[in-house]
Amino acid sequence: MKRSIITFSVLLYAIVVPFLEINETHVFNPNWTPHVRIHEVWQLITNSGIGALCLWLVWVKKETKISGILSLMVTGGFLLAYGLKNAYGGSMKYLDGSEKTLLGVNIGVLGFGMAFILVLYILMVERFKGTVNRTKNEI
């Protein structure tokens, strides 16, 4: 279950996001400055690289803690950027005013929010289990 949840999170930020952003609305957007584009491509490459590392950690090394923490950093980073968008003039709306939503919620917030909560949950359960097992062994 833990590996599947982390894999879901990684698939969102390492595969789905690049698929949605390597087009004329983002990377090839003629209204974006070249400086903005390089930051976008850098972010996509970095997140995909982190995702590849996380999948290797989870499926080859059987390591979920570090992979989970890295996934929390990527998905949580988006959620924090979204929460702070008014402070720096950011928006999830396209230049035409449209926004990708599901059930009235932005798809990025919905997907990364679910992924963040699920990964946080499995890490907390793992942490709690470790505490319970140490306590039992001490008795």
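FYI, the numbering just counts along the sequence from 1. Both backbone and side-chain heavy atoms feed into the values below; hydrogens, waters and symmetry mates do not.
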How long is the straight-line distance from [atom2] of [Y] back to [atom1] of [X], given to the nearest 0.5 Å?
X: Lys93; Y: Lys100; atom1: NZ; atom2: NZ; result: 15.5 Å
X: Phe28; Y: Asn23; atom1: CZ; atom2: CG; result: 8.5 Å
X: Tyr121; Y: Phe128; atom1: OH; atom2: CZ; result: 10.5 Å
X: Thr25; Y: Tyr94; atom1: OG1; atom2: OH; result: 4.5 Å

What heavy-atom pair brings [X] and [Y] nearest, and what distance separates the two atoms?
X: Glu21; Y: His26; value: O-CB, 3.0 Å
X: Leu70; Y: Cys54; value: CB-SG, 3.6 Å
X: Val27; Y: Glu40; value: CG2-CG, 3.8 Å
X: Val58; Y: Ser67; value: CG2-OG, 3.2 Å
X: Ser98; Y: Asp96; value: OG-OD1, 2.6 Å

Verify the cluster assignment for [X] and [Y]: are they in a single hydrophobic cluster under the rule of side-chain heavy atoms below 4.5 Å apart?
X: Val74; Y: Leu80; result: no
X: Phe19; Y: Leu110; result: yes
X: Ile122; Y: Ile117; result: no
X: Phe78; Y: Leu102; result: yes
X: Ile50; Y: Ile69; result: yes

Glu126 with Lys2: basic N within carboxylate O range, under 4.0 Å: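 Yes.
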Considering residues, nucleotides and ligands other than [X], do more than 12 of their heavy atoms fall under 6.0 Å from its [atom1]?
X: Met73; atom1: CE; value: no
X: Leu20; atom1: CG; value: yes
X: Lys61; atom1: NZ; value: no

Check whether any side-chain heavy atom of Val17 sits under 4.5 Å from a side-chain heavy atom of Phe112, and report yes or no.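 The answer is yes, as the side chains (C-beta and beyond) meet within the 4.5 Å cut-off.
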Min side-chain heavy-atom separation Leu72-Leu120 under 4.5 Å: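 A side-chain contact under 4.5 Å exists here.
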Contacts under 3.5 angstrom, residues 82-90 side chains, donor-acceptor by atom type, not counting sequence neighbours:
from  : atom 1 : to    : atom 2 : distance (Å)
Tyr88 : OH     : Ala81 : O      : 2.9

Check: Asn29 main-chain N/O paired with Arg37 side-chain donor or acceptor under 3.5 Å: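 The answer is yes, because a donor-acceptor pair under 3.5 Å joins these two groups.
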For Ile66, is there any backbone N or O sitting under 3.5 Å from a side-chain donor or acceptor partner on Glu63?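 At least one qualifying donor-acceptor pair exists.
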Side-chain donor-acceptor pairs of residues 5-16 under 3.5 Å, sequence neighbours excluded:
from  : atom 1 : to    : atom 2 : distance (Å)
Thr7  : OG1    : Arg3  : O      : 2.7
Thr7  : OG1    : Trp59 : NE1    : 2.8
Tyr13 : OH     : Ser71 : OG     : 3.0

